[in-house]
Q: 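Here's a structure for you.
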Amino acid sequence: MRMSSMFSRTLREAPAGADCKGYEYLLRAGYIKQMGAGIFSLLPLGFRSITKIQEIVRQEMNRIGGQEILMPLVNPADIWKETGRYYSIDKEMARFKDRVGRDMVLAMTHEEAVTDIARGEIDSYKRLPLTVYQIQTKFRDDPRPRAGLIRVREFTMKDSYSFDRDQAGLEKIYNEHYNAYFRIFSRCGLPCISVASDSGMMGGKIAHEYMYLSPIGEDTIITCKKCGYTANKQVAAFKKDYYPEDMKEIEKVETPEAKTIESLASYLNIQPEKTCKAVFMVGSFISDKTGEEEDKLIVALIRGDMEVEENKLQHAARANELRPAHEEEITACGMVPGFASPIGAKGNFICIVDDSVAKSNNLVAGANEAGYHFLNTNFGRDFQGTVADIASAKSGYKCPHCGAPLESSKGVEIGNIFQLGTKYSEAMNCYFQDEDGKQKPVIMGCYGIGIGRLLACLAEEYNDENGLKLPIAVAPYQVHLVSLLKDNSIADGIYEELQSEGIEVLYEDRKESAGVKFADADLIGIPIRITLGNRSLKDGNVEVKLRGTGETTSYSIEGLGKQIRQEIAKEQKKMDDAIVEKYL
RNA sequence: CGGGCAGUAGCGCAGGGGCUAGCGCACUUGGUUCGGGACCAAGGGGUCGGCGGUUCAAAUCCGCCUUGCCCGACCA
């Protein structure tokens with residue numbers, strides 16, 4: 001590609017609002033262009049990188065037996081009504097009516113679509129197992145896109161779906177994906193870790209996320225350095241200390257102004273772990289069948305020394321959504337905010353009790369009377385509820401496996417894998433006849449990779465003060481040929497030769513000053529730069545500089561194509577040597 | 001959805017009732033220069049986000065709307 005005729009161009013200054021380096025360089029180098037909030041175009045350079053990433057993804061998915069398909073972005077709402085997600089997903093899913101008034105949606109994922117196809121294809125166990133995948137556009141109307149390609153509304157995703165007759169089959173393909181993902185990310189050059197995760201709106205039980213650890217990430221990951229335990233904070237477990245003792249008589253005491261755990265603990269001169277905190281949320285419970293919505297107050301009880309993890313609470317309460325409760329909703333159930341507990345409360349509410357409360361005794365809890373608390377309250381005797389782990393893990397807490405102190409870090413989710421089970425096959429009647437003649441629901445898994453987000457993470461990982469320096473496997477071109485001569489005829493010849501060797505060349509043939517050419521080359525960050533200038537030309541040489549390391553060598557123009565092919569092979573080998581293989 | 005900031009040329013910004021709306025970069029033409037964002041000269045490019053109001057006069061003041069960014073809520 002000649003730079004003189006390239007569609008995009010570079011920017012000297014960063015567009016306002018480009019907050020992180022990777023995003024700034026992608027914009028300035030002309031890889032991408034924003035069109036709206038969370039909506040981007042890929043320009044030629046960006047598109048080439050994305051294409052390379054997709055090709056790596058394809059190879060690895062094919063390697064584990066995936067068959068590539070392409071499903072429609074526009075789905076009839078009917079299939080989303082079948083699974084209930086038409087109702088349970090809120091404004092995040094774009095909806096519209098077609099010309100005859102049929103409800104349509106823009107698919108934000110494709111479990112419904114793929115299950116709809118599969119139920120027509122899979123009738124016998126003989127057809128299983130099957131895995132299909134696609135690389136396709138998703139639209140999720142995120143309330144707050146940010147950080148360039150990290151969190152967008154329209155994005156390209158590789159999503160695959162597996163169909164098995166039993167759990168063992170699911171586990172096999174799940175494990176194959178688990179490893180394939182490590183191979184994909186490492187072939188792209190992106191360091192990442194896998195963490196146990198929540199299944200979110202996908203449903204299902206076992207799930208992992210792939211995280212690129214970076215301060216720009218929005219997810220919090222809890223890790224144990226000692227034993228290797230990792231989990232998203234939303235689901236991270238930790239070892240709690242309990243303080244069982246003999247139950248004492250409940251007793252009401254005056255606690256004026258003690259509306260918070262800190263003030264209560266200091267007023268009574270006790271530790272926070274001797275108190276019981278009540279957190280009020282309102283959960284919405286939506287019927288999958290009718291879409292009818294019901295709100296119900298949820299009282300979450302947790303020991304005063306811990307915080308509630310909303311995600312865990314939502315699961316424990318089986319709520320579709322959670323929001324903080326309004327004061328009236330709390331008082332309506334006979335509880336007094338600041339001095340609240342379920343003791344003596346009435347009305348329709350759900351009480352979820354963290355095991356820290358259930359397994360400790362004689363805690364101080366609200367008396368539902370302004371200025372008063374109870375001493376020595378005990379779960380089971382004074383109040384009831386569903387016991388669950390709803391506590392939020394944080395750094396310093398004990399690892400659930402080995403007890404070592406946990407650490408917390410930020411990460412960007414670049415992929416996820418879910419064991420769906422039969423949630424979609426049952427809802428959509430995707431059954432097969434097994435050897436025993438019985439109809440059984442197909443067991444499914446789904447597996448995603450955010451392609452654009454992967455590029456964004458790579459840009460974040462590979463840059464310096466001058467611009468991008470993407471690894472050769474994902475860089476838009478392998479070689480950047482920079483001619484500094486007034487007359488391009490020698491460079492034209494080199495360009496032709498390199499291309500005939502099958503090398504991907506970006507050719508700087510513009511009439512610009514050397515400074516501009518070098519600055520743009522650094523910004524775009526092609527891994528191998530060939531400089532043709534008078535300095536080396538007098539010896540019949542060109543300079544070859546590696547963007548990654550700055551390492552420079554001279555090569556004769558004679559036979560340059562072969563030399564460069566070797567350079568490319570060396571760069572590629574570095575990456576191949578770093579391929580990560582990991583199995584569950 | 002709450003809170004904050006912003007929208008003036010492709011990009012970054014200035015101008016804050018008055019005459020032809022400016023600067024840097026980018027762009028065009030001519031000339032000089034030619035290995036790390038050159039120089040000289042002459043040019044081109046604007047519904048000042050939109051609608052309405054106040055005024056003799058609005059980019060400028062007021063109202064509504066809209067779009068983008070940041071923080072939170074939310075989210076893969």
Side-chain angles (χ1 to χ4, degrees), chain A residues 8-20 23-24 27-28 30 33-39 89-93 108-111 138-159 195 197-202 207-212 217-220 232 234 281 310-311 314 321-324 411-418 446-454 456 465-467 482-487 508 510-523 529-538 542-543 545 550 552:
Chain A
S8 59
R9 60 179 177 182
T10 56
L11 298 173
R12 290 204 183 186
E13 285 175 286
D19 37 4
C20 50
Y23 177 36
E24 178 192 326
L27 286 170
R28 282 187 51 206
K33 174 119 177 158
Q34 185 170 12
M35 191 170 276
I39 301 182
I89 294 171
D90 197 26
K91 290 180 179 166
E92 207 176 331
M93 183 157 65
M108 46 195 290
T109 174
H110 280 81
E111 285 75 23
K138 307 279 185 254
F139 184 79
R140 296 185 190 177
D141 199 356
D142 194 292
R144 185 164 171 220
R146 73 186 102 179
L149 291 187
I150 297 287
R151 191 168 148 186
V152 293
R153 297 196 293 168
E154 182 183 309
F155 57 101
T156 305
M157 186 176 199
K158 186 291 296 179
D159 43 327
V195 308
S197 80
D198 182 48
S199 53
M201 68 171 178
M202 294 300 176
H208 285 83
E209 292 169 339
Y210 292 76
M211 292 285 181
Y212 164 60
E218 297 189 75
D219 285 279
T220 303
N232 194 307
Q234 293 179 327
M281 305 293 291
E310 274 187 34
N311 184 68
Q314 185 179 332
E321 255 185 333
L322 286 187
R323 63 164 170 82
V412 180
E413 182 187 345
I414 44 174
N416 51 38
I417 54 179
F418 298 95
C446 77
Y447 318 85
I449 291 177
I451 303 286
R453 189 180 271 189
L454 179 46
E465 65 283 1
N466 296 318
V482 178
S483 169
L484 300 177
L485 304 175
K486 277 185 285 278
D487 179 355
E508 173 60 273
R510 297 177 302 173
K511 299 201 181 327
E512 289 289 349
S513 71
V516 169
K517 292 178 176 179
F518 287 140
D520 278 349
D522 287 345
L523 183 58
R529 188 184 85 191
I530 302 174
T531 307
L532 175 67
N534 285 319
R535 204 184 274 173
S536 53
L537 182 63
K538 57 183 188 295
V542 294
E543 278 166 30
K545 184 173 182 183
T552 309

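Just so it is clear: chains get the letters A, B, ... in the order the sequence lines come, proteins before strands, and each one is counted from 1.
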Q: Using the P atom as the reference point in each nucleotide, state the distance between B:rU47 and B:rU8 in Å, no decimals.
A: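 B:rU47 and B:rU8 have their P atoms separated by 11 Å.
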Q: Tell me, yes or no, whether the heavy-atom count around A:K91 atom NZ, taken from other residues, nucleotides or ligands under 6.0 Å, exceeds 12.
A: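 It does not: A:K91 NZ has 12 such atoms or fewer within range.
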Q: Under a 4.5 Å cut-off applied to non-hydrogen side-chain atoms, are A:V516 and A:R12 in contact?
A: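 A side-chain contact under 4.5 Å exists here.
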Q: By nearest nucleotide on RNA chain B, pick out whichever of A:V516 and A:Y23 is the more 5' one.
A: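 That would be A:V516.
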Q: For A:K486, answer base if it contacts any base atom (sugar-phosphate contacts may also be present), sugar-phosphate if it contacts only those atoms, and nothing otherwise; contact means non-hydrogen atoms under 4.0 Å.
A: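 Base, at least one base heavy atom under 4.0 Å.
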Q: Could you work out the separation of B:rG46 and B:rA59 based on their C1' atoms and round it to a whole Å?
A: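 After rounding to an integer number of Å, I get 11 Å for this pair.
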Q: On RNA chain B, check which nucleotide each of A:P15 and A:G450 is closest to and give me the residue with the more 5' one.
A: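 Nearest-nucleotide comparison on RNA chain B picks A:P15.
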Q: Mind checking A:V412 for me? I need base, sugar-phosphate or nothing, with any heavy atom below 4.0 Å counting as a touch.
A: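 No contact.
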Q: Ignoring hydrogens and geometry beyond distance, is the side chain of A:R153 in donor-acceptor contact with the base of B:rC75 at under 3.5 Å?
A: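 In this structure, the two groups form no donor-acceptor pair.
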Q: Between the base of B:rG37 and the side chain of A:R9, is one N or O donor paired with an acceptor at under 3.5 angstrom?
A: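 Under the 3.5 Å cut-off, the side chain and the base do not form any donor-acceptor pair.
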Q: Within the modelled atom types, does a donor on one side and an acceptor on the other bring the side chain of A:E512 and the base of B:rG37 under 3.5 Å apart?
A: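 Per atom types, no contact qualifies.
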Q: Under 4.0 angstrom, heavy atoms only, what part of the nucleic acid is A:R510 near: base, sugar-phosphate, or nothing?
A: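 Since no nucleic acid heavy atom lies under 4.0 Å of A:R510, the category is nothing.
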Q: Given the structure, check if the side chain of A:Q34 and the base of B:rG68 hold any donor-acceptor pair shorter than 3.5 Å.
A: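 For A:Q34, whose side chain was compared with the base of B:rG68, there is no donor-acceptor pair (under 3.5 Å).
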Q: Tell me the partner of B:rC5, counting only Watson-Crick (N1-N3 plus N6-O4 or O6-N4) or G-U wobble (N1-O2 and O6-N3) with both under 3.5 Å; none if nothing fits.
A: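 When the pairing criteria are applied, B:rG68 turns out to be the nucleotide that pairs with B:rC5.
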Q: Are the side chain of A:R146 and the backbone N or O of A:R151 linked by a donor-acceptor pair below 3.5 Å?
A: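 No: the side chain of A:R146 does not pair with the backbone of A:R151.
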Q: For a quick check, tell me whether the side chain of A:R144 and the base of B:rG68 share a donor-acceptor pair closer than 3.5 Å.
A: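 No such pair is found, so the answer is no.
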